[in-house]
Amino acid sequence: MVLLHDNSESYYADDNVKKNGARYFAMKAVVPQTPTTLVQFKDIPAGRYAVSVVHDEDDDGKLDRMVFPFLGMPSEPYALSNNTYNTFSKGDFEAALVTIDAPQSTIALQLATHLSKLTGL
């Protein structure tokens, strides 16, 4: 799942995107390809957005989190624009913002588990 967020409420929400009322500016569900998955959004107005990607391994529409041993830590691979994250949660919304210029912009993100981000492995 690739989501564009135009506000911090949407960015921090972690809504189940399969349910009505999920908050995000735009979303695409794609089948991952190795080594690179290209995702294209059309008709996105120029502006500043935060991008989040979740490899929804169990197809439940949300980023799953651990219960043990690291309560709340994401258990599925994810990526955030500008590779922003911190030890216990998503990184700052403002730090994740990227500029989308019409008609075309390219943003590269790399999926990883939260644990690998913290340990550098």
Side-chain angles (χ1 to χ4, degrees):
M1 299 180 303
V2 181
L3 295 104
L4 297 181
H5 307 276
D6 62 351
N7 65 78
S8 61
E9 182 181 343
S10 161
Y11 176 74
Y12 291 116
D14 279 342
D15 291 329
N16 182 329
V17 299
K18 292 185 174 188
K19 293 188 176 180
N20 289 338
R23 297 169 283 183
Y24 49 83
F25 182 79
M27 190 276 287
K28 281 207 173 201
V30 297
V31 176
Q33 306 294 312
T34 302
T36 301
T37 303
L38 178 64
V39 179
Q40 293 181 322
F41 286 89
K42 295 187 185 263
D43 302 320
I44 300 298
R48 297 189 72 208
Y49 301 89
V51 182
S52 60
V53 178
V54 174
H55 183 186
D56 188 15
E57 296 172 321
D58 59 1
D59 196 31
D60 67 352
K62 61 183 181 169
L63 176 63
D64 292 339
R65 298 187 178 276
M66 293 181 189
V67 175
F68 181 82
F70 303 106
L71 181 64
M73 183 181 286
S75 60
E76 293 177 308
Y78 72 97
L80 300 168
S81 46
N82 295 326
N83 197 32
T84 186
Y85 67 92
N86 70 31
T87 303
F88 298 109
S89 66
K90 285 183 176 178
D92 183 67
F93 172 71
E94 293 293 324
L97 288 172
V98 293
T99 300
I100 304 293
D101 293 321
Q104 185 172 335
S105 293
T106 301
I107 300 166
L109 301 172
Q110 187 165 354
L111 286 172
T113 64
H114 196 78
L115 193 56
S116 69
K117 291 174 186 266
L118 293 175
T119 61
L121 300 175

**Student:** Show every side-chain hydrogen bond (donor to acceptor under 3.5 Å, both in side chains) that has at least one partner inside residues 45-62, sequence neighbours left out.
**Tutor:**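 side-chain hydrogen bond (donor to acceptor under 3.5 Å, both in side chains) check on residues 45-62 returns H5-S52, K18-D59.
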
**Student:** Under 4.5 Å between any side-chain heavy atoms of L3 and V51, yes or no?
**Tutor:** no

**Student:** Got a second to check how far D6's CG is from L97's CG, nearest 0.5 Å?
**Tutor:** 10.0 Å

**Student:** Which residues pass the side chain to side chain contact (heavy atoms under 4.5 Å, CB included) test with T84, not counting sequence neighbours?
**Tutor:**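 Partners of T84 by the side chain to side chain contact (heavy atoms under 4.5 Å, CB included) criterion, ordered by chain and then number, come out as Y11, L80, A95, A96.
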
**Student:** So, for V98 and I107, which heavy atoms are closest and what is the spacing to 0.1 Å?
**Tutor:**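 Looks like CG2-CD1, 3.4 Å.
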
**Student:** Is a donor on one side and an acceptor on the other found under 3.5 Å between the side chain of S105 and the backbone of D101?
**Tutor:**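 Yes; at least one donor-acceptor contact below 3.5 Å.
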
**Student:** Ignoring hydrogens, what is the shortest heavy-atom contact between Y12 and D92? Give both atom names and the distance.
**Tutor:** OH-CA, 3.4 Å

**Student:** Between M66 and S75, is a side-chain contact (heavy atoms from CB on, under 4.5 Å) present by the stated rule, with each step listed?
**Tutor:** CA-CA 5 Å; M66 293 181 189; S75 60; 3.8 Å; yes

**Student:** So I44 and K42, side-chain contact (heavy atoms from CB on, under 4.5 Å) or not? Walk me through it.
**Tutor:** CA-CA 6 Å; I44 300 298; K42 295 187 185 263; over 6 Å; no

**Student:** Is the shortest side-chain heavy-atom distance between V53 and Y78 below 4.5 Å?
**Tutor:** no

**Student:** Determine the minimum heavy-atom distance between L109 and A79, stating which atoms define it.
**Tutor:** CB-CB, 3.9 Å

**Student:** Pairs of donor and acceptor atoms involving the side chains of residues 23-35, under 3.5 Å and at least two apart or interchain, shall be tabulated with distances.
**Tutor:**
| unit_1 | atom_1 | unit_2 | atom_2 | d |
| --- | --- | --- | --- | --- |
| R23 | NE | D15 | OD2 | 3.1 |
| R23 | NH1 | E9 | OE2 | 2.6 |
| R23 | NH2 | D15 | OD1 | 3.4 |
| K28 | NZ | Q40 | O | 2.6 |
| Q33 | NE2 | V31 | O | 3.2 |

